[in-house]
Amino acid sequence: MKKGEDIEFIKEGKRVDGRGFDELRDIKIEVGVLKRADGSCYLELGNNKVIAAVYGPREMHPRHAQDAKMAVVKFRYNMAPFSVDDRKRPGPDRRSVEISKVSREAVEPVIIKEYYPKTAIEVYVEILQSDAGTRTAGINAASVALADAGIPMKDLVSSVAVGKVGGEVVLDLNAVEDNYGEADMPIAMIARRNVITALQMDGRMTKEEIEKGLKLAMNACHQIYELQRTALLKRYDSSEDRAA
Ligand code: UDP
């Protein structure tokens, strides 16, 4: 495998996969793909393939973990062993525990938890194939699956990463850019209100670069929001039954 410094990240204004600096990978969203879950979503972001399933609101167990005033939101992000180049050891690890927490915090602000005291709303995100940006893909899918489950929400949450590769601020890093680039900054936001609900950062960027990245992310989240909305409308405008 090449080392980061050997990679020509930018060539004639294009990135390693031919995209422009402000270009998203292709996104595909399908709603209601699982029969057993209350809500579900399958989402592709370039070569990432993720599925989100939502259960609830349902009675919270163990009972001592209930909140008498509102629902408790649980979020589990999991990478399938076959989702990465080298088989991943099954089960939770530090990374998945961290991403689960961050993803929960990203979607929680739009959920009207007060409507369902003492209940649990459970979100499961399974990464089937990864190519960097899996947490952002998972948050986008989870947001749609929550809506599909009929969970009362103030809005949808949309998510994308920005970062720095080859000295340029770029949108939606792929695996080569993420692993060998200079910085990676995943962001989640309520696109229609420009409210950020999660922001992380790996690497270094100047204040100006961060501002530029935030602008790219805001534009992209508006695009993603439209795709999420269109997928939900497609699901509920048609008279088809739920997934067989
Ligand atoms: N990755 C991997 N094995 C791991 C963790 C990550 O191969 O155990 C790869 C995977 O393709 C992932 C990418 O590295 O999408 C970037 O991982 P990161 O931790 O930055 O999270 P992500 O960008 O997926 O949210």
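Every heavy atom of this structure was used, including side-chain atoms; hydrogens, water molecules and symmetry mates were not.
- In this structure, CD1 on Ile111 lies 8.5 Å from OG on Ser143, to the nearest 0.5 angstrom.
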Where do Arg25 and Asp131 land on the salt bridge (Lys or Arg N to Asp or Glu O under 4.0 Å) test, with the steps shown first? CA-CA 11 Å; Arg25 288 173 283 183; Asp131 190 38; 3.5 Å; yes
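- With rounding to the nearest 0.5 Å, the separation of OG1 in Thr119 from CD in Gln66 is 8.5 Å.
- Taking CZ of Arg192 as the reference point, atom CZ of Arg229 lies at 7.5 Å (rounded to 0.5 Å).
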Walk me through it: do Ile10 and Phe21 pass the test side-chain contact (heavy atoms from CB on, under 4.5 Å)? CA-CA 9 Å; Ile10 310 289; Phe21 302 158; 3.5 Å; yes
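- Proximity of a side-chain donor or acceptor of Glu23 to a complementary backbone N or O of Leu171 within less than 3.5 Å is not detected.
- When only modelled atom types and interatomic distance are considered, Tyr55 and Arg36 share no side-chain donor-acceptor pair under 3.5 Å.
- Enclosure of atom NZ in Lys118 is not indicated, since only 12 or fewer non-hydrogen atoms of other residues, nucleotides or ligands lie within 6.0 angstrom.
- Using a 4.0 Å cut-off between charged side-chain N and carboxylate O, Glu208 and Lys212 make no salt bridge.
- Between the side chain of Arg15 and the main chain of Val170, no donor-acceptor pair closer than 3.5 Å is present.
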Start with the C-alpha distance between Asp38 and Arg58, add both sets of side-chain angles, then the distance that settles salt bridge (Lys or Arg N to Asp or Glu O under 4.0 Å), and finish with yes or no. CA-CA 10 Å; Asp38 294 320; Arg58 61 186 185 183; 5.8 Å; no
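- Judged by distance alone, the side chains of Glu122 and Tyr124 do bring a donor and an acceptor atom under 3.5 Å apart.
- Under the 4.0 Å criterion applied to side-chain N and carboxylate O atoms, Glu211 and Lys215 are not assigned as salt-bridge partners.
- Listed here is the closest heavy atom pair of Met60 and Lys74: CE-CE, 3.6 Å.
- Ion pairing of Arg76 with Glu126 is present here, as a side-chain N (NZ or NE/NH1/NH2) and a carboxylate O approach within less than 4.0 Å.
- How far CG of Leu156 is from CD1 of Ile139: 13.5 Å, rounded to the nearest 0.5 Å.
- Separation of atoms CG (Asp148) and CZ (Arg235) is listed at 6.0 Å; rounding is to 0.5 Å.
- One side chain, Asp93 or Ser96, offers a donor N or O that lies under 3.5 Å from an acceptor on the other.
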